[in-house]
Amino acid sequence: MPEWKKLPLSLAELCIDTTLRCGQSFRWRRINDEWHCVLQGKLISLKQDPTHLHYKLASPRKLPTSERKSAEDDCVLSLLNRYFVLSQSLSNMYQQWAASDANFARRATAFAGIRILNQDAWETLVSFICSSNNNISRITQMVQKLCVHYGPYVGDIEGEKFHDFPRPEALAGSGVESHLRELGFGYRARFIAETARIVSTDRPAGWLHGLRNPDCPALEISNNKLEDTETKTDTKPPTYRAAHEALLELPGVGPKVSDCVCLMGLGWWESVPVDTHVWQIAQRDYGFGKGVKTKTLNKAMYDAVGDHFRKIWGPQAGYAQSVLFTANLKSFAEQAAGKTEAAKEEVSVAEVEVKPEESKSDISTTASVRTKKRKAVTVEAAVIKAEEENGVEAGGRRTRSTKRAKISG
DNA sequence: ATTCCTCCTTGGAG
DNA sequence: ACTCCAAGGAGGA
């Protein structure tokens, strides 16, 4: 039996119990207060106490000599550092967001230690294609089915089998769509099969990885050696906008799913996925949607919400968004209400001032969406329009006919 | 060319 | 039983 290794880490820097079940990754399973998942072919186990994160390789394949064993431990540690991006100080970021936004300060009190996971881009892509018009528990079941039926088996824990996530080629077969429909994927079956075929066949090797943010802290180590094998096709460094647009070409990928992949799979932390929860938050806490004509989330509103959050939270807005997203989930309602002993008193103190000043701005778009060239939307509140010159340039628009043409062809 | 509306699968919750 | 909702997107009007 392998021994646990430990890493000094506070719950404010990482809380796996919240981070691993807030709808980012759908493969971690908790058994007896220990978390297990296959990452890069390795079955990894985690547990946490207030001062340390404990980790181990759940089932090493060979009898480890002491040398090999310590090498494997180093490998797991490096993997965890990249997966959780532990080089980044989370409490510092929380402090900055709380200082610039009273609502964040209030909501985040009971939700410390939530990190954006630096996940595999392909897994993130497929997982969030599954997420459309869906709920977290069923997404989890669907991802599990993908692993069981198409992913490589790695090992057992407590009688439960663990598989890795399948590679694109494994999901690109001809019978995949009908099989996934039998497995209850609904209309997403075609999206997954088709996207797998495009990524594995139509796109060059390393295409998805090439959309990564080269400045993401998770890449600091491996970025020095820009390997010649598959990255020499592209000379210009990718941008968030370019990555976002490139993903939109794939079937089942719209603006929201694309932003999820950018944020959680490609290291673009300025990406703000606006889903039903974030739209609720934007309306309830940030004055969006007060206009008569703007109760529904249209494209202009989608962009305005993301731009607003980037304005108040800065270039890691998507990271901050995930904290409020988690605090808004029904499955975390008890935690949000401060039922945990740790957060109880702090929340009751902060509960006094419920209305932040920002709420009075009543952000709503006027119906005059005079889209001439790239002026996306006219916004009444001056809060938004200030960022026009702020460098968030909207790149060349990709029309939908282009996307359809790519799919059918 | 852009925007808006409806439909798409499934299953759990109210 | 029935409607609504869940980390939305595609296709047509």
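Just so it is clear, the values below take in all heavy atoms, side chains as well, and ignore hydrogens, waters and symmetry mates. The chains referred to below are lettered A, B, ... by the order of the sequence lines, with proteins before strands, and numbering in each begins at 1.
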Practice item. Establish, for the pair A/R27 and A/F165, whether the NZ or CZ atom is under 6.0 angstrom from the six-membered ring centre and no further than 45 degrees off its axis. Key: no

Review point. Does the distance from a Lys or Arg side-chain N to an Asp or Glu carboxylate O, for A/D164 and A/K42, drop under 4.0 Å?
Key: no

Check your understanding: Should we say atom NZ of A/K145 is surrounded by more than 12 heavy atoms from elsewhere, each under 6.0 Å from it?
Key -> yes

**Study point:** Whole-Å distance separating the CZ atom of A/R188 from the P atom of C/dA10
**Key:** 13 Å

Check your understanding: How far, in whole Å, is B/dT9 from C/dG12 if one measures between their P atoms?
Key -> 14 Å

Practice item. Report the distance from atom CD of A/E194 to atom C1' of C/dG9, rounded to the nearest whole Å. Key: 15 Å

Check your understanding: Should A/K311 and A/D307 count as an ion pair when the cut-off is N to O under 4.0 Å?
Key -> no

Exercise for review: Mark yes or no for whether A/E158, through its side chain, and A/I31, through its backbone, hold a donor-acceptor pair below 3.5 Å.
Suggested key: no

**Study point:** A/F191 CZ to B/dC7 C1', straight-line distance once rounded to whole Å
**Key:** 11 Å

**Study point:** Separation of the P atoms in C/dC4 and B/dT6, to the nearest angstrom
**Key:** 14 Å

Check your understanding: Which of these nucleotides, C/dG9, C/dA6, C/dG8, is closest to any side-chain atom of A/D275?
Key -> C/dG8

Revision key, fill the gap. note: A/L247, atom CG; C/dG8, atom P; distance rounded to Å ~ 17 Å

Practice item. Mind telling me whether A/W28 and A/Y83 have parallel, tilted or perpendicular rings, with 30° and 60° as the class edges? Key: tilted

Point to revise | No-H, no-angle donor-acceptor pair, A/Y187 side chain to C/dG8 base, under 3.5 Å | key: yes

Exercise for review: May I ask you to evaluate whether A/Q280 reaches the phosphate of C/dC5, defined as a side-chain N or O under 4.0 Å from OP1 or OP2?
Suggested key: no

Point to revise | Distance in angstrom units between A/D259 CG and C/dG9 P, rounded | key: 9 Å

Check your understanding: B/dG14 and C/dA7: how far apart are their P atoms, nearest whole angstrom?
Key -> 14 Å

Review point. Which atoms form the tightest heavy-atom contact between A/Y240 and A/S271, and what is the distance?
Key: CE1-CB, 3.4 Å

Review point. Counting only non-hydrogen atoms, which of residues 178-185 of chain A are less than 4.0 Å from DNA chain B?
Key: A/R181, A/G184

Practice item. Mind calculating the distance between CG (A/L297) and C1' (B/dT3) to the nearest angstrom? Key: 14 Å

Study note, to complete from the structure: Of all heavy-atom pairs linking A/G210 and A/P238, the shortest is O-CG, 3.4 Å

Revision key, fill the gap. Whole-Å distance, A/I192 CD1 to B/dT10 P, equals 13 Å

Check your understanding: So does A/D202 pair up with A/R197, basic N to acidic O under 4.0 Å?
Key -> yes

Practice item. Kindly express the pairing pattern of DNA chain C in dot-bracket notation, using | wherever a base pairs with another strand and counting only Watson-Crick or G-U pairs under 3.5 Å. Key: .|||||.||||||

Review point. What heavy-atom pair brings A/C130 and A/F185 nearest, and what distance separates the two atoms?
Key: SG-CE2, 4.0 Å

Review point. How are the rings of A/H54 and A/W4 set relative to one another: parallel (under 30°), tilted (30 to 60°) or perpendicular (over 60°)?
Key: perpendicular

Revision key, fill the gap. A/N298 CG to B/dT6 C1', in whole Å, measures 16 Å

Exercise for review: First locate atom CD1 of A/I16, then atom CD of A/E34, and finally report the distance between them rounded to the nearest 0.5 Å.
Suggested key: 9.5 Å

**Study point:** Any residue of residues 129-146 of chain A with a heavy atom less than 4.0 Å from an atom of DNA chain C
**Key:** A/S131, A/S132, A/N133, A/N134, A/N135, A/I136

